[in-house]
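Within every chain, numbering begins at 1; the chains are lettered A, B, ... in the order of the sequence lines, protein sequences first and strands thereafter. Note that the coordinates shown come from a computational prediction; the quantities given were computed from them, not determined experimentally.
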Amino acid sequence: MTRRPSRTGASRRDFLRSSVGTSGALVIGLYLPGCARHSIRRREMAEHAERTGEFVPNAWIKITRDNQIIFTLDRVEMGQGTMTSHTMMVAEELEVDPGSIRVELARAERRYDHDQFFMQVTGGSTSVVEAWQPLRKAAAAAREMLRKAASAAWNVKMSECEAQNGAILHKPSGRRAAYGELTEIAALLEVPSPQLKKPDQWKVLGTPLGRLDAPAKSDGTARFGIDVVVAGMVNAVVIRCPVIGGKPRAIRADAARAQPGVSGVFPIRNGVAVVADTYWRARSAAAKVEVDWDEGALSGFDTESFRKELAHRAEEFGKNVRDHGNVDRALASAATKLEVVYEVPYLAHATMEPMNCTAHVSDRGCEVWAPSQAPGLARELIAHMTDIPFDDIVVHNTLIGGGFGRRLAQDYVAEAVDISQRIKKPVKVVWSREDDMQNDFYRPQTYNVLKGGVDAEGNPIAWSHRLVAQSIFGQIGKDWLSAMMPDWMPRVAKLMMGRSGARMFKTSVLTDGTSVEGAVEIPYAIENLNVEYVEHEPGVPVGFWRSVGHSENAFVVESFIDELAHAAGRDPFEFRRALLKKSPRNLGVLELAAEKAGWGKRLPPGVFRGIAQHESFASFCAQVAEISVKDGALQVHRVVCAVDCGQVVNPDIVEAQMEGAIVFGLSAALKQQITFAGGRVQQSNFHDYAMLRMFEMPRIEVHIVASDESPTGVGEPGLPPIAPAVANAIFAATGHRIRRLPIESELANVGKIR
Amino acid sequence: MTVSHGIVFKVNGTEQTVEVEPETPLLWVLREQLGLTGTKFGCGMALCGSCTVHLDGQAIRSCVVPIREVAGRAVRTIEGLTGPRGGPHPLQKAWVAENVPQCGYCQSGQIMSAAAMLAERPLPSDEDIDAVMSANVCRCGTYQRIRKAIHRAAGEMAASRGGDS
């Protein structure tokens with residue numbers, strides 16, 4: 001069928017030199033495209049091909065002589081769909097069936113650093129955004145090199161060589177060569193910078209391709225971090241202080257040491273490690289260890305007094321993060337004035353796979369297997385805490401059983417490395433659910449004073465928002481990393497914070513974008529508007545929780561705009577619509593959600609609607625929730641969601657992410673809070689930190705706005721509108737305004753409503 | 001705590017003998033002694049269903065069942081789940097067809113719960129699904145797709161039974 005070029009690399013190279021007129025000079029060329037760290041030195045590419053027969057034109061793509069196409073995924077797969085979406089981008093430009101690509105998970109390597117975060121990190125709903133140009137270009141370049149290789153081998157015009165389904169076809173002669181047959185020639189060529197396909201040429205992108213990881217996740221073969229097994233491995237658990245940040249003062253462990261399989265009980269930085277041959281033996285023995293704790297700074301921390309502290313701080317002026325017009329004057333002249341307080345609680349991530357990590361520190365270096373959103377940070381951390389040369393540290397990434405921002409922190413990695421270093425064996429550390437829930441980096445609790453005014457015609461003329469909250473970035477700089485490692489390298493702290501963080505700390509302005517995001521960029525045309533931020537730091541560890549600041553601020557903003565609509569006697573949808581004339585994408589999703597939900601049309605008796613819209617991560621999302629409240633019990637029946645995330649890589653994954661974010665947001669809005677008493681987290685497992693379950697699941701309908709804009713994030717933007725949409729529906733149903741989350745406790749607090 | 005000598009039980013049709021403390025939960029025997037890691041640890045308190053397996057055909061939470069209670073009985077895990085004629089279970093095919101999994105961590109347990117339900121109620125109503133599947137938590141929020149996939153599998157199983165007669 002096909003004439004195979006000669007099998008030996010040397011003769012191929014000789015052949016190519018003569019046929020395409022290149023000389024020995026070609027192997028000293030260095031290709032430096034826009035994204036230099038993903039490129040490979042041309043000499044290395046050629047020598048690698050000569051040695052292995054593999055064509056490796058960049059950091060992501062490898063084609064073997066036996067025609068395997070291997071894509072190295074450098075963003076983690078934690079359910080959000082990178083394995084499928086990124087493979088689709090490669091498949092499209094490389095002209096191969098996505099199902100024929102073997103996906104490998106990248107280790108931590110600096111060439112996979114994130115463009116904005118300067119480190120190998122998956123977060124911020126950025127994975128598709130960031131890969132969109134360079135990854136498609138890398139695949140297109142590989143395709144062009146294969147075409148050129150075929151044209152050289154066959155001595156025909158390149159324009160007659162077409163890439164098709166993993167092979168190059170020369171139509172005039174009917175000759176065909178699978179990519180694997182062209183690897184060694186292609187590896188000698190210059191990496192070009194080709195044009196990308198136009199959307200009307202797409203065969204893969206934009207289609208609802210089934211998730212590539214679905215089969216392995218349906219038959220039990222998918223391997224997560226917790227499933228890692230290493231030869232000679234032992235298991236460890238860590239007994240943690242009931243107060244976060246506490247340290248062991250004295251240990252009585254004789255009974256535990258006498259348990260079967262137990263090989264060690266010893267203090268580590270953040271607790272007491274119990275090592276045994278199996279997890280269960282370590283866990284059972286841990287119950288027999290007695291520890292005296294130095295409870296540390298959070299001893300005595302209490303949620304009720306913390307609320308009062310926040311309220312007290314709200315009496316101060318904050319930093320102006322947005323200010324235009326004259327709010328005081330406008331409020332004084334308003335026909336109707338409102339002044340209210342909104343509060344949201346701390347929240348845990350509660351990923352289904354508890355934190356875990358397997359580490360092996362040996363004389364030869366350190367090898368780690370971690371379900372981490374930040375393998376790059378893990379590697380930097382290990383280099384610092386062990387003095388092992390950076391090059392001798394290998395961090396393997398695994399499938400992740402839910403991230404939601406929790407796995408950006410690397411505390412569980414540090415702990416496993418610490419224990420392995422001490423016992424000089426490979427060790428797997430698995431957290432209990434209680435460990436996980438009580439030692440999180442929580443979504444901050446916030447306190448918000450809102451003032452607003454509408455004039456006699458029902459137009460909003462004043463908006464004032466004073467927000468009191470902890471700063472995540474403030475903690476990263478001061479405590480987050482130092483909690484893992486006391487003398488944290490400033491470089492890493494700076495890298496972790498990214499550009500905005502670094503700038504923030506340099507100028508000491510210290511207004512954390514993640515605290516005020518969603519509160520600052522209000523799209524509504526209100527002439528007099530002021531947003532102030534008061535940073536208040538009680539020392540509770542805080543972190544990035546799906547949609548971060550937007551998760552709390554959208555609830556506040558979209559609830560309060562609803563209050564103003566009702567104060568003005570206007571329909572909440574029409575009220576927003578009139579204020580969004582200069583924000584077409586916000587308006588687009590708002591109108592689409594309203595239309596699909598049948599806004600204004602009659603509902604079954606007892607069912608009421610609420611609406612909300614919010615922009616986050618450069619995507620726009622609006623939701624209409626249909627609910628009923630019977631004897632104080634809330635049921636959410638239906639959620640209609642409209643999303644504008646630019647061009648769509650895979651509409652089914654976009655829908656799934658909207659569905660997932662709505663459920664995640666509903667669980668939080670309805671049920672969840674982390675509270676403290678005596679410094680202790682009062683929630684411990686799924687009975688007191690509840691998740692939405694099947695019987696509570698609303699019908700969710702997702703509508704995607706057709707768009708030519710570049711793709712934007714989808715992992716998080718579906719979350720912010722759901723809490724206010726539901727709260728606004730509750731107001732429509734009961735006349736009771738929800739100003740504090742979670743809703744179920746709030747409904748219980750106010751007693752029976754209508 | 002003593003090590004029991006040779007607890008014998010069947011896993012996915014094969015007889016296994018394990019030497020562990022009799023209080024060891026079945027979950028950890030499956031995962032650590034037998035290398036069957038498709039069954040997951042989620043809560044340790046029978047609250048989330050990630051560890052669901054079949055014990056003599058009934059869906060149980062293996063994180064709270066001590067191995068001594070399993071002696072002489074038959075366990076089926078996700079690795080041993082098959083359709084009526086061998087091969088993947090119709091639920092597993094439906095899970096792929098409906099693109100159910102996101103992170104996928106809870107899905108072994110979801111599928112095992114659904115499989116036990118279908119064995120008893122071949123054509124479950126939405127209320128049946130609510131009653132049984134509410135014991136399984138999915139943090140990624142795939143419930144709507146799980147419901148669709150169960151109906152799809154039930155429909156296909158019914159059609160294939162019809163074909164037999």
Asker: Tell me, side chain or backbone of A:Ala222 under 4.5 Å from chain B's heavy atoms, or both, or neither?
Answerer: backbone
Asker: For B:Tyr105 and A:Phe224, take the angle between the two ring planes, folded into 0 to 90°, and tell me which bin it lands in: parallel under 30, tilted 30 to 60, perpendicular over 60.
Answerer: perpendicular
Asker: Which of these passes side chain to side chain contact (heavy atoms under 4.5 Å, CB included) with B:Met133: A:Met697, A:Met694, A:Arg693?
Answerer: A:Met694
Asker: If you define the side chain from C-beta out and look only at heavy atoms, does anything of A:Gln259 sit under 4.5 Å from B:Glu21?
Answerer: no
Asker: Is it the side chain or the backbone of B:Ile111 that comes within 4.5 Å of chain A heavy atoms, both, or neither?
Answerer: side chain
Asker: What part of B:Ala135 lies closer than 4.5 angstrom to a heavy atom of chain A: side chain, backbone, both or neither?
Answerer: backbone
Asker: Should we count CZ of A:Arg257 as having more than 12 external heavy atoms under 6.0 Å?
Answerer: yes
Asker: Which answer fits A:Glu434, side chain, backbone, both or neither, if we ask what part of it has an atom under 4.5 Å from a heavy atom of chain B?
Answerer: side chain
Asker: Counting only heavy atoms closer than 4.5 Å, note whether A:Arg223 contacts chain B via side chain, backbone, both or neither.
Answerer: side chain
Asker: Which one, A:Thr221, A:Val663, A:Asp652, leads in non-hydrogen pairs under 4.5 Å with chain B?
Answerer: A:Asp652
Asker: With distance as the sole test, does B:Gln144 use its side chain to make a donor-acceptor pair with the main-chain N or O of A:Ile700 at under 3.5 Å?
Answerer: yes
Asker: Treating A:Asn685 as the side-chain partner and B:Met45 as the backbone partner, does any N or O pair qualify as donor plus acceptor under 3.5 Å?
Answerer: no
Asker: Check for a donor-acceptor pair, side chain of B:Gln92 on one end and backbone N or O of A:Ser218 on the other, with a separation under 3.5 Å.
Answerer: yes
Asker: Is it the case that over 12 heavy atoms from other parts of the model lie below 6.0 angstrom from the NZ atom of A:Lys671?
Answerer: yes
Asker: Heavy-atom distances under 4.5 Å only: say whether B:Glu127 touches chain A with side chain, backbone, both or neither.
Answerer: neither
Asker: Out of A:Gln80, A:Arg433, A:Met352, return the one with the most heavy atom pairs under 4.5 angstrom to chain B.
Answerer: A:Met352
Asker: Does the side chain of A:Met78 come within less than 4.5 Å of B:Gln102's, by heavy atoms?
Answerer: no
Asker: If we define contacts as heavy-atom pairs under 4.5 Å, which of B:Cys43, B:Cys140, B:Pro88 has the most with chain A?
Answerer: B:Cys43
Asker: Count the heavy atoms of every other residue, nucleotide or ligand shown that sit under 6.0 Å from CG of A:Asp254, and state whether that count exceeds 12.
Answerer: no
Asker: Non-hydrogen atoms of chain A under 4.5 Å away: do they reach the side chain of B:Arg147, the backbone, both or neither?
Answerer: both
Asker: For a 4.5 angstrom cut-off between non-hydrogen side-chain atoms, does B:Glu79 reach A:Asp219?
Answerer: no
Asker: Does any heavy atom of chain A fall under 4.5 Å from the side chain of B:Asp126, the backbone, both, or neither of them?
Answerer: neither
Asker: Check whether NZ of the Lys or CZ of the Arg B:Arg139 lies under 6.0 Å from the centre of the six-membered ring of A:Phe664 and within 45 degrees of that ring's axis.
Answerer: yes
Asker: With a 3.5 Å distance limit and no angle check, can you tell me whether B:Thr37 reaches the backbone of A:Asp227 through a side-chain donor-acceptor pair?
Answerer: no
Asker: Ignoring hydrogens and geometry, is there a side-chain-to-backbone donor-acceptor pair from A:Lys217 to B:Cys103 under 3.5 Å?
Answerer: yes
Asker: Distance-only, no hydrogens or angles: does the B:Tyr143 side chain make a donor-acceptor pair with backbone N or O of A:Leu692 under 3.5 Å?
Answerer: yes
Asker: Among the options B:Cys48, B:Gly35, B:Ala131, B:Gly44, pick out the one with the most heavy-atom pairs lying under 4.5 Å from chain A.
Answerer: B:Cys48
Asker: Please answer whether the main-chain N or O of B:Gly42 pairs with a side-chain N or O of A:Glu353 as donor and acceptor at a distance below 3.5 Å.
Answerer: no
Asker: Sub-3.5 Å donor-acceptor pair from the side chain of A:Glu659 to the main-chain atoms of B:Thr142, do we have one?
Answerer: no
Asker: So what's closer than 4.5 Å to chain A heavy atoms on B:Ile129: side chain, backbone, both or neither?
Answerer: both
